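Just so it is clear, the structure is predicted and the values come from calculations on it, not from any experiment.
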Amino acid sequence: QVQLVESGGGLVQAGDSLRLSCATSGFTFSTCAMGWFRQAPGKEREFVGVISRSGSSTYYAGSVKGRFTISRDNAKNTVYLQMNSLRPEDTAVYYCAADCTSRSSSAYTPRLKYEYEYWGQGTQVTVSS
């Protein structure tokens, strides 16, 4: 059974940091690119960032670039999202997702929702001003 379980969300003040974790099971984590998305109330789910299956490549949305960092630990089947300098506009439910499609490049960084097969249930991040 495939599982992706996010944790680490919470209520913080603007300028604070949080680290989200996404623990996975039920699939071969090391063969999957791992992405983070978020969805604010009344808005579409949007791409935040991704790390390739090899871990050699990352890509971030412009709104978080320089503030957020994605990393992965293949030994723990876990992907992380380090969020620094949080802003009220970062308030959203954050989801991790896995793209396990076999691809020619281990450095591929999928950025579209439809490219991801598996999704977590999300964790709430609220940033107060």
Side-chain angles (χ1 to χ4, degrees):
Q1 181 181 1
V2 171
Q3 287 192 314
L4 294 82
V5 180
E6 300 95 337
S7 61
L11 171 63
V12 296
Q13 293 187 330
D16 286 350
S17 298
L18 274 178
R19 188 176 83 150
L20 305 184
S21 300
C22 173
T24 74
S25 61
F27 62 95
T28 307
F29 179 79
S30 61
T31 67
C32 304
M34 298 299 299
W36 285 94
F37 290 76
R38 66 186 182 186
Q39 187 167 17
K43 294 189 176 181
E44 294 286 324
R45 190 171 299 188
E46 65 174 3
F47 171 80
V48 173
V50 59
I51 186 166
S52 63
R53 70 172 191 258
S54 68
S56 62
S57 297
T58 55
Y59 184 85
Y60 301 93
S63 58
V64 307
K65 191 173 183 180
R67 300 188 297 124
F68 291 11
T69 303
I70 297 175
S71 60
R72 64 189 297 157
D73 185 337
N74 285 353
K76 296 182 178 179
N77 294 337
T78 300
V79 62
Y80 304 96
L81 179 65
Q82 177 67 44
M83 304 186 294
N84 298 329
S85 303
L86 283 162
R87 305 167 180 169
E89 54 264 38
D90 295 319
T91 295
V93 177
Y94 282 71
Y95 300 88
C96 67
D99 167 23
C100 301
T101 300
S102 178
R103 303 188 189 276
S104 58
S105 172
S106 63
Y108 182 70
T109 50
R111 304 162 196 183
L112 303 176
K113 291 188 292 288
Y114 76 83
E115 296 185 277
Y116 290 84
E117 295 98 324
Y118 308 125
W119 292 82
Q121 83 291 347
T123 186
Q124 177 70 47
V125 172
T126 303
V127 184
S128 66
S129 56

**Study point:** Side chain Ser106, main chain Arg53, donor-acceptor under 3.5 Å
**Key:**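 Here the side-chain-to-backbone pair does not exist.
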
Point to revise | Under 3.5 Å: donor-acceptor pair, side chain of Thr78, backbone of Lys76 | key: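 Between the backbone of Lys76 and the side chain of Thr78 there is a qualifying donor-acceptor contact (under 3.5 Å).
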
Which distance, rounded to the nearest 0.5 Å, do you find between the [atom1] of [X] and the [atom2] of [Y]?
{"X": "Ser52", "Y": "Arg72", "atom1": "OG", "atom2": "CZ", "answer": "7.0 Å"}
{"X": "Leu4", "Y": "Tyr95", "atom1": "CG", "atom2": "OH", "answer": "13.0 Å"}
{"X": "Asp16", "Y": "Met83", "atom1": "CG", "atom2": "CE", "answer": "11.0 Å"}
{"X": "Glu117", "Y": "Cys32", "atom1": "CD", "atom2": "SG", "answer": "7.0 Å"}
{"X": "Arg87", "Y": "Ser129", "atom1": "CZ", "atom2": "OG", "answer": "14.0 Å"}
{"X": "Arg67", "Y": "Leu86", "atom1": "CZ", "atom2": "CG", "answer": "6.5 Å"}

Practice item. For the pair Val127 and Glu89, evaluate side chain to side chain contact (heavy atoms under 4.5 Å, CB included) and give the outcome as yes or no after the intermediate values. Key: CA-CA 8 Å; Val127 184; Glu89 54 264 38; over 6 Å; no

Exercise: identify the closest heavy-atom pair between [X] and [Y]:
{"X": "Ser30", "Y": "Asn74", "value": "CB-ND2, 3.7 Å"}
{"X": "Ala92", "Y": "Ala40", "value": "CB-N, 3.8 Å"}
{"X": "Tyr116", "Y": "Ala33", "value": "CE2-O, 4.3 Å"}
{"X": "Val125", "Y": "Gly9", "value": "CG2-CA, 4.1 Å"}
{"X": "Glu6", "Y": "Trp36", "value": "CG-CZ3, 4.0 Å"}
{"X": "Phe29", "Y": "Val79", "value": "CZ-N, 4.0 Å"}

Exercise for review: Please report the C-alpha distance between Tyr59 and Ile70 in whole Å, then the side-chain angles of each, then the deciding distance to 0.1 Å, and finally whether the side chain to side chain contact (heavy atoms under 4.5 Å, CB included) criterion is met.
Suggested key: CA-CA 9 Å; Tyr59 184 85; Ile70 297 175; over 6 Å; no

Are [X] and [Y] in one and the same hydrophobic cluster, where Ile, Leu, Val, Met, Phe, Trp and Tyr link if side-chain heavy atoms are under 4.5 Å apart?
{"X": "Val48", "Y": "Tyr108", "answer": "no"}
{"X": "Leu20", "Y": "Phe47", "answer": "no"}
{"X": "Ile51", "Y": "Tyr60", "answer": "yes"}

Practice item. Evaluate the criterion side chain to side chain contact (heavy atoms under 4.5 Å, CB included) for residue pair Phe68 and Asp90; output intermediate values, then yes/no. Key: CA-CA 11 Å; Phe68 291 11; Asp90 295 319; 3.9 Å; yes

Check your understanding: Centroid-to-centroid, Phe27 to Tyr118, below 6.0 Å?
Key ->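 Between Tyr118 and Phe27, which both carry aromatic rings, the centre distance is below 6.0 Å.
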
Check your understanding: Aromatic ring centroids of Phe37 and Trp119 under 6.0 Å?
Key ->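 Yes; Trp119 has its ring centre under 6.0 Å from that of Phe37.
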
Review point. Does a donor on one side chain sit under 3.5 Å from an acceptor on the other, for Arg19 and Ser17?
Key: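 Arg19 vs Ser17: no donor-acceptor pair found between side chains.
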
